[in-house]
Amino acid sequence: MSSLLLTNTDLRLKEEFRRSYRFTMAGYTRIQEQTTENEFTRELDMEYIPAADPSGLSFCSFSVHREKMLLDHRSSHLEYIIQAVSSVTQEVHFHLQETTGTVTLANWNDIRNKWTAVKEKLWNDYKGTEIQRFTEGYENRMQNKQALTASLLQYNLYGLFMNRIHIRYGYTGQQTENRDIIPLFGNTALPVQELRTVKNTAEGIKVDISGSIDENRLDTTALGHFAYHDLSLAENEDTDLLLQRYSGHYNLEQDTCILQKALLQYNIAIGDAYQRKCRFHINTIEPSYNA
């Protein structure tokens, strides 16, 4: 789906900038009768250095300088482990190819080295196979550059910042993009077809977001395994997967397309047995460094 109104606006950033943000992710999960609610807040600096010409590589980095977790009592025993794993991706650098919209991870080796040290410490602090199973999924991701990049570009990490509006959108109109929400249930991703509507206003550029399940890419086998084995649903129970809500927006500066704020919310349900709600919110804050 594409409806374009071409303009003469060149949205590619041409000057360096650095800005500080507060990013909050709040999550609610109910599985059968058990519920958990967690909230994570990160304060971070984002730095962007444009390529000398459109064919070169631009540079974008994120540096987290403060992190706060409000964990449900069911998750509080995992705080040390969550903080340790989170520390691995608090310094992330990307290269952007402006002409193609390609994003690559620039400090993969540094992240892998940090992960190796964290994994060894966790294995020393927590003996047994449980911690090894917990870290196995992270291990597979950290050793695969493409998988790690995809993970870092999820909305619960840096995806809301890396909207690439300045690369792809030289117009006012609509564009669809495939996204995967991972992890969702078990190790299964939820494929979403995301519709973005770009509007140029007097206050700046606004991008409205909505989404629906991409049935063609949905792994129904994995979904069924989760429903019948993890949720213990009988085959005659209602197991419809519903994306009850997927909506949000970005606000960008008119001249620079620098992110001002963002909000995204989605609700997912599997019958009456599974409910997942997430809310992602970004606002600018005073910088943590001396100007």
Side-chain angles (χ1 to χ4, degrees), residues 23-42 44 62 64 66-92 105 107-159 180-190 219 221-233 266 268 270 273-280:
F23 173 44
T24 301
M25 182 190 75
Y28 165 91
T29 304
R30 177 177 59 79
I31 299 178
Q32 302 293 10
E33 302 303 320
Q34 292 190 350
T35 63
T36 57
E37 295 184 59
N38 297 314
E39 182 175 294
F40 303 88
T41 299
R42 277 182 161 184
L44 55 90
F62 298 91
V64 177
R66 186 174 292 113
E67 193 168 56
K68 182 179 180 181
M69 300 179 184
L70 297 176
L71 298 180
D72 191 280
H73 70 279
R74 298 180 186 275
S75 306
S76 58
H77 67 290
L78 297 173
E79 182 171 359
Y80 175 80
I81 297 174
I82 294 172
Q83 286 180 335
V85 173
S86 176
S87 69
V88 176
T89 56
Q90 289 187 348
E91 187 81 28
V92 177
L105 185 58
N107 64 329
W108 180 43
N109 288 330
D110 290 341
I111 291 175
R112 284 197 302 171
N113 291 337
K114 289 179 183 178
W115 166 247
T116 298
V118 164
K119 181 184 66 174
E120 290 177 355
K121 190 173 191 313
L122 289 176
W123 282 12
N124 288 330
D125 293 343
Y126 296 87
K127 303 298 183 182
T129 58
E130 184 176 355
I131 190 63
Q132 294 184 17
R133 287 197 299 268
F134 178 85
T135 56
E136 182 179 357
Y138 290 100
E139 173 72 11
N140 294 336
R141 201 177 311 158
M142 296 294 177
Q143 300 303 329
N144 184 319
K145 187 175 183 179
Q146 184 176 0
L148 179 56
T149 302
S151 177
L152 292 170
L153 293 177
Q154 287 290 300
Y155 283 153
N156 64 320
L157 287 171
Y158 301 110
D180 290 320
I181 302 176
I182 54 176
L184 180 58
F185 30 82
N187 295 316
T188 306
L190 178 67
D219 188 341
T221 300
L223 175 61
H225 184 276
F226 179 79
Y228 301 130
H229 293 271
D230 294 66
L231 299 181
S232 300
L233 296 180
Y266 63 72
I268 302 159
I270 301 177
Y274 178 92
Q275 183 85 34
R276 174 69 172 162
K277 300 179 181 179
C278 279
R279 183 176 186 269
F280 307 95

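The residues of the chain are indexed from 1 along the displayed sequence. Reckoned from all heavy atoms, side chains included, excluding hydrogens, waters and symmetry mates.
Using a 4.5 Å cut-off on side-chain heavy atoms (C-beta onward), F280 and Y266 make contact. Residues Y138 and V118 form no side-chain contact, since every pair of their non-hydrogen atoms from C-beta on lies 4.5 Å or further apart. Side-chain contact between L223 and T188 is absent, with no heavy atoms from C-beta onward closer than 4.5 Å. For the pair F40 and E67, the minimum side-chain heavy-atom distance is 4.5 Å or more. For the pair V92 and L157, the minimum side-chain heavy-atom distance is 4.5 Å or more.
Distance CG/N144 to CH2/W108: 7.5 Å, rounded to 0.5 Å. For the atom pair CG of N140 and OG1 of T135, the computed distance is 9.5 Å after rounding to the nearest 0.5 Å. The distance from atom CZ of R42 to atom CE of M69, rounded to the nearest 0.5 Å, is 8.0 Å. E139 CD to F134 CZ: the interatomic distance, rounded to the nearest 0.5 Å, is 13.5 Å. How far OG1 of T24 is from CZ of R279: 8.5 Å, rounded to the nearest 0.5 Å. In this structure, CG on N107 lies 7.0 Å from NZ on K114, to the nearest 0.5 angstrom.
Between D230 and Y274, the side chains place no donor N or O within less than 3.5 Å of an acceptor N or O (distance only, hydrogens not considered).
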(Q) Before you tell me yes or no, could you show the steps for Y80 and Y126 under side chain to side chain contact (heavy atoms under 4.5 Å, CB included), namely the whole-Å CA-CA distance, both residues' side-chain angles and the distance that decides it to 0.1 Å? (A) CA-CA 11 Å; Y80 175 80; Y126 296 87; 3.4 Å; yes
Q | Chi angles and distances behind the side chain to side chain contact (heavy atoms under 4.5 Å, CB included) call for N113, M142 | A | CA-CA 10 Å; N113 291 337; M142 296 294 177; over 6 Å; no
Q: List the steps, then state whether side chain to side chain contact (heavy atoms under 4.5 Å, CB included) holds for I131 with I81.
A: CA-CA 9 Å; I131 190 63; I81 297 174; 4.0 Å; yes
Q | Verdict with supporting geometry, I270 and F226, side chain to side chain contact (heavy atoms under 4.5 Å, CB included) | A | CA-CA 10 Å; I270 301 177; F226 179 79; 4.0 Å; yes
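The only member of L148, D110, L153 that meets side chain to side chain contact (heavy atoms under 4.5 Å, CB included) when paired with L105 is L148.
Looking at Q154, its side chain does come within 3.5 Å of a backbone N or O of D180 through a donor-acceptor pair. N38 contributes a side-chain N or O that, together with a main-chain N or O of D72, makes up a donor-acceptor pair within less than 3.5 Å. Side chain of T149 to backbone of K145: a donor-acceptor contact under 3.5 angstrom is found.
Closest non-hydrogen pair, E39 versus A26, comes out as OE1-CB, 4.1 Å. Between N156 and F23 the shortest heavy-atom distance is O-CE2, 3.5 Å. Scanning all heavy atoms of the two residues, the minimum distance from Y158 to Q90 falls at OH-CA, 4.0 Å. In plain terms, the two heavy atoms of W123 and K127 that are nearest each other are O-CD, 3.7 Å.
H229 and H225 have parallel rings, their planes meeting at less than 30° on a 0 to 90° scale where 60° marks the start of perpendicular.
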